[in-house]
K.L.:
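Below are the structure tokens for one structure; questions will follow.
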Amino acid sequence: MSDRVPSDPTADIPAERAVVDLLGLVALGELLAFERMAADARLAPDLRRRAALGEMAAAEIANYRRLADRLGALGVLPDDAMAPYVAPLQAFHDSTEPRDWAEAVTKAYVGDGITDDFIREIAGALTEPDRRLVLDVLHESRYADFAAAEIRIAIEADPRVANRLSMWARRLVGEALSQAGRVASADLGALTALIARDERADVAGLFRRLTAAHTARMGAVGLNN
């Protein structure tokens, strides 16, 4: 029987490719966030909220531009870096189309919160200037604060909404996890390699932290996990 330790399938993946793949994933996320916010703005109950979401959408496309420029500086076409993730990310958004304003802000609050937490964790394995770039383009706290306030307003106006939005949030998480598996397949191990290069990597601990943060977010707006 051979005592040879099985080789790590991620060991041969260049660090540069892992960085490009992460930048491509984040860039596509920003582009789709822009499209989603622009569409969701039409569900806003008044012009003030519509304008607020429009301003946030503008920030998303500016973030996309920064990431696209960085990919270009690395000698990679943004389209090529984003291509592997188009199907799973678009499938998530297509399968979680909000029916009204309350569902739209809940999707932003829950979905973007989980995504930002995950990307923030992975960014720890990056070197500069890519670490700072990725952290800079994550959604601003004012966006989460805006969505949270809108959820609370909806529940205060009709407490029965809390149950509907809690079920909607659970569906969002389920769809996100399903599509995350497709992202991992599309990625072919590059992001796994990036995480593995981080000496602080602890996959079990990572998911515990993501779950704890999600649970805290749900409770903060009066939704059941």
Side-chain angles (χ1 to χ4, degrees), residues 18-19 21-34 36-37 56 59-60 63-64 66-67 82 85 88-89 91-93 96 98 103-128 130-152 165-166 168-184 186-187 190-225:
V19 171
D21 281 4
L22 178 59
L23 293 178
L25 174 61
V26 178
L28 180 60
E30 295 293 328
L31 183 58
L32 293 179
F34 161 74
R36 189 194 74 229
M37 289 183 191
M56 293 175 196
E60 299 288 353
N63 287 336
Y64 163 77
R66 292 179 63 189
L67 291 157
M82 294 188 293
Y85 308 110
L89 266 64
F92 168 73
H93 288 297
T96 56
E103 288 191 359
V105 293
T106 300
K107 179 177 177 179
Y109 183 70
V110 172
D112 291 346
I114 292 175
T115 300
D116 286 356
D117 286 345
F118 179 66
I119 298 299
R120 192 176 290 109
E121 291 274 356
I122 298 180
L126 297 173
T127 57
E128 301 298 349
D130 298 304
R131 178 191 290 125
R132 177 47 49 194
L133 172 59
V134 169
L135 292 176
D136 281 350
V137 302
L138 294 181
H139 298 94
E140 297 179 0
S141 60
R142 71 180 182 121
Y143 183 37
D145 293 343
F146 173 82
E150 291 299 312
I151 294 170
R152 294 190 191 100
L165 295 183
S166 293
W168 172 241
R170 286 193 287 272
R171 178 184 168 191
L172 291 169
V173 173
E175 289 287 345
L177 291 175
S178 175
Q179 297 307 328
R182 296 186 63 189
V183 167
D187 175 65
L191 296 185
T192 301
L194 184 62
I195 297 173
R197 290 187 176 100
D198 187 350
E199 295 179 354
R200 305 166 304 160
D202 174 8
V203 175
L206 166 62
F207 281 98
R208 283 196 298 271
R209 292 191 295 275
L210 293 177
T211 300
H214 169 67
T215 300
R217 269 192 299 271
M218 294 283 282
V221 295
L223 298 180
N224 299 317
N225 191 33

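What you see is a predicted model, and the numbers here were worked out from it, not measured in a lab.
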K.L.:
Does any non-hydrogen side-chain atom of Val19 lie less than 4.5 Å from one of Leu126?
P.N.:
yes
K.L.:
For Tyr109 and Ala220, which heavy atoms make the closest approach, and how far apart are they?
P.N.:
OH-CB, 4.0 Å
K.L.:
May I ask you to test the Leu22-Ile119 pair for a side-chain heavy-atom distance under 4.5 Å?
P.N.:
yes
K.L.:
Is a side-chain N or O of Lys107 found less than 3.5 angstrom from the main chain of Thr96, in a donor-acceptor match?
P.N.:
yes
K.L.:
With heavy-atom distances below 4.5 Å as the criterion, would you say the side chains of Asp117 and Arg217 are in contact?
P.N.:
yes
K.L.:
Do you know which two heavy atoms are closest between Phe92 and Leu172, and how far apart they sit?
P.N.:
CE1-O, 3.6 Å
K.L.:
Can you tell me how far apart CZ (Arg66) and CG (Asp136) are? Round to the nearest 0.5 Å.
P.N.:
5.0 Å
K.L.:
Which heavy-atom pair separates Leu31 from Tyr64 by the least distance, and what is that distance?
P.N.:
CB-CD1, 4.1 Å
K.L.:
How many angstroms lie between atom CG of Asp130 and atom CG of Leu67, to the nearest 0.5 angstrom?
P.N.:
9.5 Å
K.L.:
Working to the nearest 0.5 angstrom, can you tell me the gap between Leu133 CG and Leu138 CG?
P.N.:
9.5 Å
K.L.:
Nearest 0.5 Å please: distance from the CZ atom of Arg170 over to the CG atom of Leu165.
P.N.:
11.0 Å
K.L.:
Compare every heavy atom of Arg120 with every heavy atom of Leu135, then report the nearest pair and how far apart it is.
P.N.:
CD2-CG, 3.8 Å
K.L.:
What is the distance from atom CD1 of Ile151 to atom CD of Glu103, rounded to the nearest 0.5 Å?
P.N.:
11.0 Å
K.L.:
Once you round to the nearest 0.5 Å, how far does CD of Glu60 lie from CG of Asp112?
P.N.:
7.0 Å
K.L.:
For a side chain to side chain contact (heavy atoms under 4.5 Å, CB included) with Trp168, tell me which candidate from Val110, Thr106, Leu223 qualifies.
P.N.:
Thr106
K.L.:
For Met218 and Ala169, work out which heavy atoms get closest and say how close.
P.N.:
CE-CB, 3.6 Å
K.L.:
side-chain contact (heavy atoms from CB on, under 4.5 Å) for Asp21 and Tyr85? Distances and angles first, verdict last.
P.N.:
CA-CA 9 Å; Asp21 281 4; Tyr85 308 110; 3.3 Å; yes
K.L.:
Ignoring hydrogens, what is the shortest heavy-atom contact between Val105 and Ala147? Give both atom names and the distance.
P.N.:
O-CB, 3.6 Å
